[in-house]
Amino acid sequence: MELSTKYNPSEVEDKWYAYWLKNNFFHSEPDGREPYTIVIPPPNVTGILHMGHVLNNTLNDVLIRKARMDGKNACWVPGTDHASIATENKVVAKLKDMGIEKSSLSREEFLKYAWEWKEEHGNKILLQLRKLGASCDWDRTKFTMDPDMTEAVINTFVYFYRKGLIYRGVRMVNWDPVGLTAVSDEEVIHKDTQSKFYHLRYYVSDGNGNKTDKYIIVATTRPETIMADAAVCINPEDERYRWLKGKKVLIPLIHREIPIIEDSYVEIGFGTGCLKVTPAHDVHDYEIGMRHSLPVIDIIDEHGRLNEQAVILVGEDRFVARKKIQKMLDEAGELEKVEDYTSPVGYSERTNAVIEPRLSAQWFLKMDSLAAMALDSVVKGATRLIPDKYMATYRHWMENVHDWCISRQLWWGQRIPAWYLPDGRFVVEPTAEKALEAARKLVPDIKAEDLSQDEDVLDTWFSSWLWPISVFDTGMPGNPGHKADKDLSYYYPTSDLVTGPDIIFFWVARMIMAGDEFMGKEPFRNVYFTGIVRDKLGRKMSKQLGNSPDPLDLIAKYGADAVRIGMLLCSSAGNDIFFDEAQVEQGRNFCNKIWNAYRLVKGWKVDESLQPSEINSVAVKWFTNRFNQVVENVEDNYSKFRISDALMAIYKLFWDDWCSWYLECVKPAFGQPIDKVTYDATLGFFDSLLRMIHPVMPFISEELWHDLAPREEGETIMYAKSPAAGAYDSALIDSFEIAKEAVNNVRGIRQQKNISPKNGLDLQIKGDYPAVTLPFLSKLANVTPQVCESLPASGSGATFMVRTYEMFLGLSGLVDTAADLKKAEEELEYQRKFLASVQKKLGNPQFTAHAPEKVVAMERKKEADSLSKIQSLENRINALKNNA
RNA sequence: GGGAGCAUAGCUCAGUCGGUUCAGAGCGUCUGCCUUACAAGCAGAGGGUCGGCGGUUCGAAUCCGUCUGCUCCCACCA
């Protein structure tokens with residue numbers, strides 16, 4: 001191996017990824033082992049890799065690699081989502097660039113273009129994931145519009161329809177009068193817009209449709225919709241309008257009579273307290289209308305113009321009509337006043353047209369029973385949400401669920417399997433052939449061409465909610481096509497899901513519903529919610545801001561392992577991620593540290609005749625214990641999905657314990673060999689460390705693992721075992737922590753007094769200091785340590801304390817007595833204050849009476865230690881004063 | 001407007017059951033070092049009124065109330 005002082009990831013990464021693929025290491029088949037399954041949150045097929053994907057897939061890959069090394073049959077199923085809205089938008093935009101309008105194409109022509117686009121771009125993001133080291137089972141790659149996946153979706157629709165949970169209903173949609181399509185809520189941008197608040201007079205009717213002299217004032221921003229009014233609504237508690245109850249009023253200008261209704265939706269304090277109810281043109285009004293059985297009068301056509309129903313201003317654009325009607329109202333004496341008003345108005349993301357709420361027929365799935373099951377799944381703990389703070393959100397969603405509108409006015413997606421007869425009736429069947437059969441039962445002589453399939457496609461989530469099932473078997477139980485596939489029974493339920501909390505309802509909850517419904521089992525045991533990746537200023541990463549680095553550039557610059565580390569370092573569970581390239585640098589530096597530690601060890605010459613020195617034996621003993629302790633900690637963190645904590649434990653173990661302490665201990669003097677026993681132990685440790693590192697840094701660990709010892713072709717660290725937690729002696733480890741502190745103190749004194757590390761010094765330690773660490777002190781601090789009954793009260797040197805041990809570093813001729821005296825006096829003052837606080841506590845009878853014995857005993861020990869320290873400080877100070 | 005969450009060092013975060021010399025970690029900062037693995041490094045140091053106020057308790061970063069500031073989700077008010 002080349003031993004450059006810098007680790008070069010680009011040379012290494014492609015080599016090992018190709019090796020893994022060639023040996024089919026990522027592929028899983030059912031066998032006797034325990035399965036560990038993850039399904040990828042399928043990225044949009046049009047997507048390109050962004051930092052959110054990097055976060056999500058790094059976590060997925062860490063979990064899957066860890067499980068694989070734990071001996072489980074790990075299977076990570078990759079794939080992409082057809083994302084109807086996003087993809088259709090992209091295809092429409094591309095066609096526009098080519099000079100083709102979507103409206104000029106037939107459905108079939110458009111879909112041909114869309115599939116071409118998918119074939120061209122659809123795999124890009126999955127190829128990018130490979131650069132990150134993702135160990136997906138690529139043989140199992142799925143796409144939500146694969147023919148068999150589509151079949152599953154269609155069958156699911158038919159299944160719920162037959163169960164009576166899918167129905168067709170009328171609903172208010174966001175209508176884009178320029179694009180001539182409904183758009184989803186996500187595609188509506190609300191902007192505060194300067195408009196007017198029109199106060200109109202609605203005269204009370206005499207009962208025969210004639211004006212009386214009484215009127216009420218209704219405030220509205222949309223006077224052009226008064227012709228669609230179905231009622232005027234007041235709050236039942238509103239004293240001001242008590243007299244109005246049961247009366248009827250006349251719509252201005254057209255003088256149609258409408259009832260006064262009462263509904264608590266109306267706020268007494270807002271506007272005039274009178275709300276005109278226009279069910280066809282406002283979402284809330286529609287709901288009020290439903291509650292009060294009001295007629296729906298639709299006066300606006302698909303282009304946003306008034307239609308015949310409007311009676312007046314027919315054919316005028318809604319905004320032109322607004323201006324004209326203002327004048328007409330004024331002339332009729334029915335306009336009280338006009339105020340300036342700012343209110344949020346929805347605009348179409350695509351055409352910037354003002355969205356018109358419009359009623360249209362949509363398909364719905366009843367959610368009550370499904371949501372109840374899915375809530376229960378989480379409440380009873382069958383699926384665990386991590387962190388559990390998302391429990392509240394989840395519960396809120398499940399308890400306030402609305403029926404799911406599953407139809408979309410798009411072409412790219414699974415077309416709704418409903419066929420309409422000429423008479424308006426319809427049949428729901430999985431195929432056109434079956435639809436014809438079914439239709440013939442209604443109309444015996446009907447022909448195929450008499451049937452027309454519903455134009456809408458299904459919401460993309462209606463396919464993704466099946467994902468954990470359909471990737472293994474596209475025929476769900478209870479559905480046609482179910483094969484009782486061995487893959488499904490082996491891999492389902494999956495183990496963990498890693499995803500963002502923004503889709504907890506859209507995706508996670510619905511997958512639980514589908515799992516409960518079709519499998520009788522939740523689709524995963526744990527759901528780990530990542531945060532949203534933001535830049536270091538806390539802004540969401542977005543193309544518009546240009547604040548999102550291209551992950552592939554980062555990988556090229558720092559290496560995939562470094563990018564993974566950079567991502568994981570700042571990703572505590574459930575918190576948003578503040579991404580900063582500096583963290584990737586830290587990851588790269590860690591790679592380099594590992595690389596150089598390896599260079600050091602591989603450069604040692606071994607002398608088989610050498611016996612291990614005392615320091616080497618001690619170091620091996622200590623590191624064995626320390627390693628086991630950290631393994632336990634890392635395992636604990638993994639089990640709690642505290643991945644960044646697990647990484648930090650590994651990082652510190654390698655950098656501090658291993659490099660700064662262990663290797664420095666056993667490192668032979670320049671040109672000297674090392675004994676074989678210690679060398680073999682060191683290589684063994686390195687092997688364990690690499691295996692510990694592998695899930696987070698797959699490439700460098702594989703590279704070094706192969707060089708560390710002879711490996712056969714086809715061997716891989718991927719299938720080596722995770723280091724097993726072994727027994728360890730906490731007291732031994734702790735005594736080395738004390739020794740480290742002592743070493744730090746000596747080094748600090750050397751720096752303060754400008755004494756070279758090469759200058760050997762005497763160190764005297766008072767009390768029952770653990771002798772096992774003396775060689776360690778000796779080598780790392782370059783001192784000759786000596787444990788004694790009492791420290792010299794005089795003599796040149798520096799005293800310091802490590803926990804309860806007092807130490808004296810001999811510094812003949814190198815001491816500044818005045819400075820030492822000052823330091824000792826400061827320390828004495830601190831100790832006296834500390835003692836006083838402890839004694840105050842102990843002097844409080846309430847404390848000694850109420851606090852547990854253990855706590856009181858601890859305080860008494862603090863008191864005794866402190867008294868002892870004060871005594872020797874006083875001795876020291878006296879001695880210094882006498883000398884001076 | 002409804003719901004949820006957060007506030008600890010310059011930054012990002014741990015802090016389990018209220019009690020161990022508990023106020024921590026990583027990064028950054030400062031100081032000294034190119035010491036034969038690593039300057040992408042080594043050694044050392046400094047840094048916090050645990051958002052404010054009040055309460056419970058022998059004891060509060062931790063529990064309760066309240067205020068302030070921020071974030072997210074839902075609805076976006078005629």
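We name chains A, B, ... by the order of the sequence lines, and we start the count at 1 in each one.
- A donor-acceptor contact under 3.5 Å is not formed by the side chain of A/R747 with the base of B/A43.
- Using a 30° and 60° split on the angle between ring planes, A/W658 and A/F686 fall in the perpendicular class, above 60°.
- B/A75 and B/U8 are spaced 35 Å apart, taking the C1' atom of each and rounding to whole Å.
- Residue-level contact check: A/V266 touches the bases, meaning some heavy atom is under 4.0 Å from a base atom.
- Among the nucleotides B/A4, B/C42, B/A78, the one closest to the side chain of A/T393 is B/A4.
- For the OP1/OP2 pair of B/A37 and a distance below 4.0 Å, the side-chain nitrogens and oxygens of A/K593 include no atom meeting the criterion.
- B/U31 sits 37 Å from B/U20 when the P atoms are compared, rounded to a whole Å.
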Next on the checklist: Apply side-chain hydrogen bond (donor to acceptor under 3.5 Å, both in side chains) to residues A/E262 and A/Y241 and explain how you reach the verdict.
Outcome noted: CA-CA 10 Å; A/E262 301 165 49; A/Y241 297 116; over 6 Å; no

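- Residue whose closest nucleotide on RNA chain B sits further toward the 5' end, between A/Q846 and A/A582: A/A582.
- When distances are taken from the side chain of A/F670 to each of B/U36, B/C58, B/G3, the shortest belongs to B/U36.
- Contact annotation: A/H284 does not reach the phosphate of B/A75 (side-chain N/O to OP1 or OP2, under 4.0 Å).
- For the OP1/OP2 pair of B/G44 and a distance below 4.0 Å, the side-chain nitrogens and oxygens of A/N744 include at least one atom meeting the criterion.
- When the side-chain nitrogen and oxygen atoms of A/S660 are compared with OP1 and OP2 of B/A43, one or more of them lie within a distance under 4.0 Å.
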### Task
Go through the steps to decide whether A/D657 and A/K740 satisfy the test salt bridge (Lys or Arg N to Asp or Glu O under 4.0 Å), and finish with yes or no.
CA-CA 10 Å; A/D657 294 305; A/K740 285 182 186 176; 2.8 Å; yes

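- Distance noted for atom P between B/C34 and B/C72: 50 Å (whole Å).
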Subject >> A/E356 vs A/R222, salt bridge (Lys or Arg N to Asp or Glu O under 4.0 Å): CA-CA, chis, key distance, verdict >> reply: CA-CA 11 Å; A/E356 184 64 40; A/R222 300 202 61 190; 3.0 Å; yes

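- Among the atoms of the strands shown, only primed sugar atoms or phosphate atoms (P, OP1, OP2) are found under 4.0 Å from some heavy atom of A/E859.
- Between the side chain of A/Q751 and the base of B/U31, at least one donor-acceptor pair of N or O atoms lies under 3.5 Å.
- Atom CH2 of A/W661 and atom C1' of B/G44 are 12 Å apart (whole Å).
- Side-chain proximity of A/N592 to B/C73, B/A4, B/C38: nearest is B/C38.
- Taking atom C1' in both B/U16 and B/U62, the straight-line distance is 11 Å, to the nearest Å.
- Rounded to whole Å, the P atom of B/A14 lies 25 Å from the corresponding atom of B/C74.
- Within the nucleic acid shown, A/K667 comes within 4.0 Å of at least one base atom, counting heavy atoms only.
- Straight-line distance between the C1' atoms of B/C50 and B/C13: roughly 13 Å, to the nearest whole Å.
- Spacing of C1' atoms, B/C76 relative to B/G3, comes out at 15 Å, to the nearest Å.
- Rounded to an integer number of Å, the gap from CG of A/D645 to P of B/G15 is 8 Å.
- Atom P of nucleotide B/G32 and atom CD1 of A/I755 are separated by 18 Å, given to the nearest angstrom.
- The residue among A/Y651 and A/C659 whose nearest nucleotide of RNA chain B lies closer to the 5′ end is A/Y651.
- Per the geometry, CD belonging to A/Q583 stands 9 Å off P belonging to B/C13, to the nearest Å.
- Of the candidates B/G15, B/U36, B/C73, B/G15 carries the atom nearest the A/R642 side chain, counting heavy atoms from C-beta on.
- Side-chain N or O atoms of A/D403 include one that pairs as donor or acceptor with a backbone N or O of A/M367 at under 3.5 Å.
- In this structure, the CZ atom of A/R750 is 16 Å from the P atom of B/C33, given to the nearest Å.
- Nucleotides B/A9 and B/A23 are separated by 10 Å at their C1' atoms, to the nearest Å.
- Atom CD of A/E581 is separated from atom P of B/A40 by 16 Å (rounded to the nearest Å).
- Minimum atom distance to the side chain of A/A597 is reached by B/A37, of the listed B/G26, B/A37, B/A4.
- Comparing B/G41, B/A78, B/C73 by their closest approach to the side chain of A/L275 singles out B/A78.
- You won't find any donor-acceptor pair under 3.5 Å spanning the side chain of A/E664 and the base of B/A43, going by distance alone.
- No more than 12 heavy atoms of other residues, nucleotides or ligands shown are found within 6.0 angstrom of CE on A/M290.
- Using a distance-only test at 3.5 Å, with no hydrogens or angles considered, a donor-acceptor pair links the side chain of A/N400 to the main chain of A/H396.
- Distances shown here put every side-chain N or O of A/W595 at or beyond 4.0 Å from the OP1 or OP2 atom of B/G41.
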The dot-bracket string of RNA chain B, counting Watson-Crick and G-U wobble pairs with both distances under 3.5 Å, using [ ] for crossing pairs and | for pairs to another strand, is (((((((..((((.....[....)))).(((((.......))))).....(((((..]....))))))))))))....

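- For A/Y394, the ring pair (Phe, Tyr, Trp, His ring centres under 6.0 Å) criterion is met by no residue, not counting sequence neighbours.
- OP1 or OP2 of B/G41 sits under 4.0 Å from a side-chain N or O of A/N589.
- Relative orientation of the A/F506 and A/W461 rings is parallel, given thresholds of 30° and 60° on the angle between their planes.
- When the side-chain contact (heavy atoms from CB on, under 4.5 Å) test is applied to A/R291, the partners found at least two apart in sequence or on another chain are A/D263, A/Y265, A/E287, A/I288.
- Between the P atom of B/A14 and the CG atom of A/D636 lies a distance of 16 Å, rounded to the nearest Å.
- Nearest to the side-chain atoms of A/W655 among the listed nucleotides B/G41, B/G5, B/C58 stands B/G41.
- Distance, A/D229 CG to B/A78 C1': 11 Å, rounded to whole Å.
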